[in-house]
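Count residues from 1 along the sequence.
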Amino acid sequence: MTKTVYILNGPNLNLLGQREPEIYGAETLDDVAVACADTAKTAGLTCRFLQSNWEGQLIDWIHEARDAAAGIIINPAALTHTSVAILDALNSFDGPVIEVHISQVHKREAFRHHSYVSQRADAVMAGFGTHGYLLALRHMQHLLA
């Protein structure tokens, strides 16, 4: 039986490929979802790829993952820097958590240098572009082996 990984995406990532392509690239979130599904299959995993602009929806999916997923990959977007609630929800999840950021957040504005999610994450991918999701899946495969 394959293990399921939730891939959660926060606010404004639905605009990927349209919003600030000089920072985030030209790929859409649908493109990333397809690439993740292919990589997950190759890694012997399945993925549930989700996006919401609502903090509470992300928290509900983290709670759902407690029973339905072996691991979580999360790009909380701007909620990275503000959401203790997402941190608390992730702390209730027993499996591995990998934080992903498309841009290299430490080369950007100072407020982006702090992540609540990193306090729970087992690994952080930042600055790899959308390829960071695929790297995270490969690392998740290793963590779940």
Considering all heavy atoms, the nearest P76-H101 contact
CD-CE1, 4.1 Å
Test item: T28 and L16 side chains (from C-beta on) under 4.5 Å apart, heavy atoms
no
Over all heavy atoms of both residues, which pair between V124 and S118 is shortest? Give the atoms and the distance, please.
CG2-OG, 3.8 Å
Decide whether T46 and T4 meet the rule of one side-chain donor and one side-chain acceptor closer than 3.5 Å.
yes
To the nearest 0.5 Å, what is the distance between SG (C36) and CD1 (I73)?
6.5 Å
Working to the nearest 0.5 angstrom, can you tell me the gap between W54 CH2 and S52 OG?
8.0 Å
Can you tell me how far CG of L135 sits from CD1 of I98, rounded to the nearest 0.5 angstrom?
9.5 Å
Write down the atom of G10, the atom of A77, and the distance for their closest heavy-atom approach.
C-CB, 4.1 Å
Looking at H63, I want to see if its NE2 is surrounded by more than 12 non-hydrogen atoms of other residues, nucleotides or ligands under 6.0 Å.
yes
Gap separating the CG atom of D31 from the OG1 atom of T130, nearest 0.5 angstrom
8.0 Å
Minimal non-hydrogen separation, N12 against R19, with atom names
CB-NH1, 3.9 Å
Heavy atoms only: give me the nearest P96-D122 pair and the separation to one decimal.
CA-OD2, 3.1 Å
All heavy atoms of T82 vs all of A78, minimum pair found to be OG1-O, 3.8 Å
Would you say R66 has more than 12 foreign heavy atoms packed within less than 6.0 Å of its CZ?
no
Joint cluster assignment, L134 & L45, ILVMFWY side-chain distance < 4.5 Å
no
Honestly curious: do I86 and L8 fall in one hydrophobic cluster under the side-chain, below-4.5 Å linking rule?
yes
Would you kindly confirm whether F49 and L13 end up in one hydrophobic cluster when ILVMFWY residues are joined by side chain heavy atoms under 4.5 Å apart?
yes
Got a donor-acceptor contact below 3.5 angstrom from the R120 side chain to the F93 backbone?
yes
Under a plain distance cut-off of 3.5 Å, with no hydrogens placed, do E55 and N53 share a side-chain donor-acceptor pair?
no
Assess whether ring-ring contact (aromatic ring centres under 6.0 Å, His included) is satisfied between H114 and Y116, documenting all intermediate values.
CA-CA 7 Å; H114 177 266; Y116 284 103; 4.5 Å; yes
Would the distance check show the side chain of T39 and the main-chain N or O of A35 forming a donor-acceptor pair, the cut-off being under 3.5 Å?
yes
Decide yes or no on side-chain contact (heavy atoms from CB on, under 4.5 Å) for L29 and N9, but give the supporting numbers first.
CA-CA 9 Å; L29 199 59; N9 294 278; 4.1 Å; yes
Atom pair OH/CG of Y133 and L137 - distance to nearest 0.5 Å
10.5 Å
Common cluster, I74/V100, ILVMFWY with side-chain heavy-atom separation under 4.5 Å
no
Should R138 and T42 count as side-chain neighbours, where that means a heavy-atom distance under 4.5 Å?
yes
Any side-chain donor near an acceptor of the partner, H139 and Q141, under 3.5 Å
no
Side-chain heavy atoms of I62 within contact of Y6, under 4.5 Å:
no
Say whether L50 and V5 are linked into one hydrophobic cluster, either directly or through other cluster members, by side-chain heavy-atom distances under 4.5 angstrom.
no
dist H131:NE2 -> I102:CD1 (nearest 0.5 Å) comes out at 13.0 Å
Of N75, L90, I72, T80, the residue whose pairing with E99 passes side chain to side chain contact (heavy atoms under 4.5 Å, CB included):
T80
